[in-house]
Amino acid sequence: MKFSIAAVAVAILASADAFAPVSRLIQRSALSMSTTEADTETKGKNVAQTEDTSREKVMTFSYDMSIEEKYEKPTYPGTGNGLSGGEDGSNEYDIVVIGSGMGGLSCAALSAKYGSKVLCLESHIKVGGSAHTFSRMHKGGKYSFEVGPSIFEGLDRPSLNPLRMIFDVLEETMPVETYKGLGFWTPEGYWRFPIGSAKKFDDLLMEQCGDDGPKAVREWRALCDRLSTLGGSTTAVSLLNLRQDAGFLSTTAGALPFVVKNPDVFLDLPLTFDDLSKTVDEIVTVPFVRNFIDCMCIFCGFPAKGAMTAHILYILERFFEESAAFSVPVGGTSQLGETLQRGLEKFGGKLQLNAHVDEIIVEDGRATGVRLKNGNVIKARKAVVSNATPFNTVKMIPEKEGELPALTKWRNDMGTLPRHGAISHLFLGVDAEGLDLSHLEDPAHLIVQDWDRSMQDSQNLCSFFIPSLLDKSVCPEGKHVIHVYSSGGEPYEPWEKLTPGSEEYEAYKKERVEVLFKAVERAIPDIRDRLEFTIIGSPLAHEAFLRRDRGTYGMAWAAGSSAPQAGLLGKVLPFPFPNLKTPVDGLLRCGDSCFPGIGTPSAAASGAIAANTMTHVDNHLQLLKEASERDPLYKFLNPGFMGQVYKLLVQGFTPSEELRTDRFTPGDGYKPVDYTALNAARDAAAAE
């Protein structure tokens, strides 16, 4: 939910070498845990949930990925054995993408549209990464559950949501049902956050804040006013305009009128990536408003303390427009990935499921392909893009004698990045006979036990989602499906000591999800009497099914300082993301550990940025022009005349040298490569 001036900031300050890795030392240990206090002396450090769960702390975990794990990871039926891939004999592509999450699929699909020959490899037997659906048969009926994200805004129509923009660029559609609010179950009781109306939100503040109601409205409006210039940039430049080379000067040139009209935007550039709590602390004092802001930020992994200011800009700018609505994909969250898959295959790209990548092959400092678990090797002429977490990615590049020192340091930095904890899940099949849910206006709800405890505490904050309120296709008639899940702060260490299926493991599962049961009971008191069946998903299962090391919710570099490997941008701004480029030529990253962060729209945007970076600026400009003609809302995507002017200056440097297929050919890069024609010629030659 953060697509705004962050794009402008990156666009203004990026350059061909602006994202070059920056040296930074990270202490290596098996598990490092410390605390973050409000005072400056301890700023930027981490705390383990098991040590302290108070609200003033920022909680993250850190591991040394180079240390051999002393326990065997459990395997689960339904996740695949990873032994497919490469059987068809086609073993050379322009681009190989590892992982079919929103970032990987967006990168692969857009790269295919640009004309590259693309293969996307997915370790799981299902597409979508964290955004996939699983089903359970019970008494002849099929029940389908989400395993990851469930709250989506802006998918029902052309919008500023990058994922929806990518759907439209690919000319793909996805049916959805819509709703207009989020339910909150708090220590004070139930209340509902209505979207699509600023007046209704003011009414909510007046209702919930009592005598402080007028003050709450004033402070909320003051916060909106303080961030108005930043928020207004949402229609100046999009994340889809970005690329990581000199071509950004051309593709973001359409933002120049906004910058000229709002020169104060430069003063706010550091604020964009800085800790949101700094601004909130200056303006907001009413507890209800502060609590609300924390809850809306937690989807990125942090409350206001630790979250970028950019995280709330989209909410301020978009959620109060009349057309704003949340969406339930008809058929389940898996439809997100399947929609992107259709776009990938429409433009000639391929997706291979159950194809686990064991190693990224690096030769003479360049990524030249991947080695699969089954031993097959897939070559990549231009680039390998990893949509895996940084913790999983470093495992694919084993340390070798004589490797580049920059690669060794990058691996160490990425492997020890702080991360969020794991997630626990509760999946419920429910008998709905005689069940009155008219008091639930929306399928998505957040539950907070105690405002004095951290929003990251998995025993304090959780969510439940009832898609069957709107989508009747996910379960039999007369039934409901409910997905309940903790915040991303569940400690992993107690789980790795247990053996799945043992009495201790089963007992601990029930103990840890009891808070999830009680959360649903606040809305449906007799839920346990209505159960058809229950499935408990532990962090071990989360890790196995979602292919995320130690079941992590994602990378967790708290805003306020630059992350390791942030590049030159990290020297001039508090940029909390590692670079999507790496010290290895032809190896890029995308996904929720890259800018702009956690969440399906953000992950998709990171994939788009990676795809843009790998193509000539002329191809990128053409795509933006086409997109701008699909809907009046998208008109701002086209950089127009100024984009063409800047193109003359930068086209010889795009893509950057290490990403050119024939990068050592003199003059290469001055004109776009027609990869569609090139691949057609190669296929024709191979057929002879």
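Computed from heavy atoms alone, side chains included, the values below leave out hydrogens, waters and symmetry copies.
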>> To the closest 0.5 Å, what do you measure between OG (Ser463) and CD1 (Ile151)?
In response: 5.5 Å

> Out of curiosity, Asn387 CG to Leu121 CG, how far, rounded to the nearest 0.5 Å?
Replying inline: 11.5 Å

>> Test side chain to side chain contact (heavy atoms under 4.5 Å, CB included) on Phe302 and His420; report intermediate values, then the result.
In response: CA-CA 9 Å; Phe302 289 111; His420 295 292; 3.7 Å; yes

> Hey, are the side chains of Glu441 and Tyr179 touching, using non-hydrogen atoms and a 4.5 Å cut-off?
Replying inline: no

> Taking all atoms of both residues into account, what is the closest heavy-atom pair of Met102 and Gly128, and its distance?
Replying inline: CE-O, 3.8 Å

>> Just so I know, are the side chains of Phe152 and Val176 near enough to count as touching, which here means a heavy-atom distance under 4.5 Å?
In response: no

> Under 3.5 Å, is there a donor-acceptor pair between the side chain of Gln456 and the main chain of Gly301?
Replying inline: yes

> Short question: side chain of Ser468, backbone of Asp471 - any donor-acceptor pair under 3.5 Å?
Replying inline: no

>> Within this structure, what is the CD1-CZ distance for the pair Ile447 and Phe464, rounded to the nearest 0.5 Å?
In response: 5.0 Å

>> Which residues pass the ring pair (Phe, Tyr, Trp, His ring centres under 6.0 Å) test with Phe517, not counting sequence neighbours?
In response: none

> Taking atom types as modelled, is there a side-chain donor on Trp191 or Glu207 under 3.5 Å from an acceptor on the other?
Replying inline: no

>> Can you tell me how the ring of His138 sits relative to the ring of Phe533, calling it parallel under 30°, perpendicular over 60° and tilted otherwise?
In response: tilted

> For Lys126 and Thr133, which heavy atoms make the closest approach, and how far apart are they?
Replying inline: NZ-O, 2.8 Å

> Given the rule in the side chain to side chain contact (heavy atoms under 4.5 Å, CB included) test, do Glu506 and Ile536 qualify, once you have shown the distances and angles that lead to the verdict?
Replying inline: CA-CA 9 Å; Glu506 296 301 322; Ile536 299 174; over 6 Å; no

> Are the side chain of Asn354 and the backbone N or O of Asn81 linked by a donor-acceptor pair below 3.5 Å?
Replying inline: yes

>> What I want to check is whether the side chains of Glu338 and Gln335 have a donor and an acceptor closer together than 3.5 Å.
In response: yes

> Do any N or O atoms from the side chain of Asp592 and from the backbone of Ser602 form a donor-acceptor pair under 3.5 angstrom?
Replying inline: no

>> As an exercise, state the distance from NE2 of His439 to CD1 of Ile524, rounded to the nearest 0.5 Å.
In response: 6.5 Å

> Atom CZ of Phe134 and atom CD of Glu146: how far apart are they, to the nearest 0.5 Å?
Replying inline: 9.5 Å

> Pick one: which of Leu437, Asp442, Asp436 meets side chain to side chain contact (heavy atoms under 4.5 Å, CB included) with Leu440?
Replying inline: Leu437

> Under 3.5 Å, side chain of Arg419 to main-chain N/O of Asp549, donor-acceptor pair present?
Replying inline: yes

> Would you say the side chain of Phe577 lies within less than 4.5 Å of the side chain of Cys594, judging by non-hydrogen atoms?
Replying inline: no

> Any luck finding a side-chain donor-acceptor pair between Ser123 and Arg547 under 3.5 Å?
Replying inline: yes

> In Å, rounded to the nearest 0.5 Å, how long is the span from SG of Cys297 to NE2 of His311?
Replying inline: 7.5 Å

> Among all residues two or more places apart in sequence or in another chain, which pass the ring pair (Phe, Tyr, Trp, His ring centres under 6.0 Å) test with His483?
Replying inline: His425, Phe427, Tyr485

>> Do Cys462 and Val515 have side chains that approach each other closer than 4.5 Å (heavy atoms only, starting at C-beta)?
In response: no

>> For Tyr505 versus Leu540, what's the shortest heavy-atom pair and its separation?
In response: CE1-CD1, 3.8 Å

> Taking Lys180 for the side chain and Ala324 for the main chain, is one N or O donor matched with an acceptor at less than 3.5 Å?
Replying inline: yes

>> For the backbone of His542 and the side chain of Arg548, can you confirm whether one donor and one acceptor N or O come within less than 3.5 Å of each other?
In response: no

>> Could you report the tightest heavy-atom contact between Arg192 and Gly181, atom names first, then the distance?
In response: NH2-N, 3.5 Å

> Considering only heavy atoms from C-beta outward, does the side chain of Ile423 approach that of Glu490 to under 4.5 Å?
Replying inline: no

>> Applying the ring pair (Phe, Tyr, Trp, His ring centres under 6.0 Å) criterion to Phe201, which one of Phe288, Phe319, Phe292 satisfies it?
In response: Phe292

> side chain to side chain contact (heavy atoms under 4.5 Å, CB included) between Ile360 and Ile98: does it pass, once the steps are laid out?
Replying inline: CA-CA 9 Å; Ile360 297 171; Ile98 303 170; 3.8 Å; yes

>> Could you tell me if the side chain of Phe299 sits less than 4.5 Å from the side chain of Leu446, heavy atoms only?
In response: yes

> Taking the side chain from Ser606 and the backbone from Gly591, do they hold a donor-acceptor pair closer than 3.5 Å?
Replying inline: yes

> Sequence neighbours excluded, which residues qualify as salt bridge (charged side-chain N to carboxylate O under 4.0 Å, His left out) partners of Glu521?
Replying inline: Arg528

> Passes side chain to side chain contact (heavy atoms under 4.5 Å, CB included), Leu83 versus His356? Steps please.
Replying inline: CA-CA 7 Å; Leu83 290 174; His356 184 80; over 6 Å; no

>> Please find the pair of heavy atoms, one from Ser562 and one from Trp557, that lie closest to each other, and give the distance.
In response: O-CZ2, 3.3 Å

> Under a 4.5 Å cut-off applied to non-hydrogen side-chain atoms, are Asn460 and Ser487 in contact?
Replying inline: no

> Tell me, do Leu336 and Leu163 make a side-chain contact under 4.5 Å, heavy atoms counted?
Replying inline: yes

> Is Lys142 atom NZ crowded by more than 12 heavy atoms from other residues, nucleotides or ligands, each under 6.0 Å away?
Replying inline: no

> Please walk me through it: do Lys305 and Asp294 pass salt bridge (Lys or Arg N to Asp or Glu O under 4.0 Å)?
Replying inline: CA-CA 8 Å; Lys305 184 179 181 66; Asp294 276 350; over 6 Å; no

>> What I want to check is whether the side chains of Ser135 and Ser144 have a donor and an acceptor closer together than 3.5 Å.
In response: yes

>> Can a donor-acceptor pair be found, under 3.5 Å and without considering hydrogens, that links the side chain of Ser327 to the backbone of Thr178?
In response: no

> Just by distance, do the side chain of Arg411 and the backbone of Ile397 share a donor-acceptor pair under 3.5 Å?
Replying inline: yes

> Looking only at heavy atoms, what is the nearest atom pair of Val513 and Ser424, with distance?
Replying inline: CG1-CB, 4.4 Å

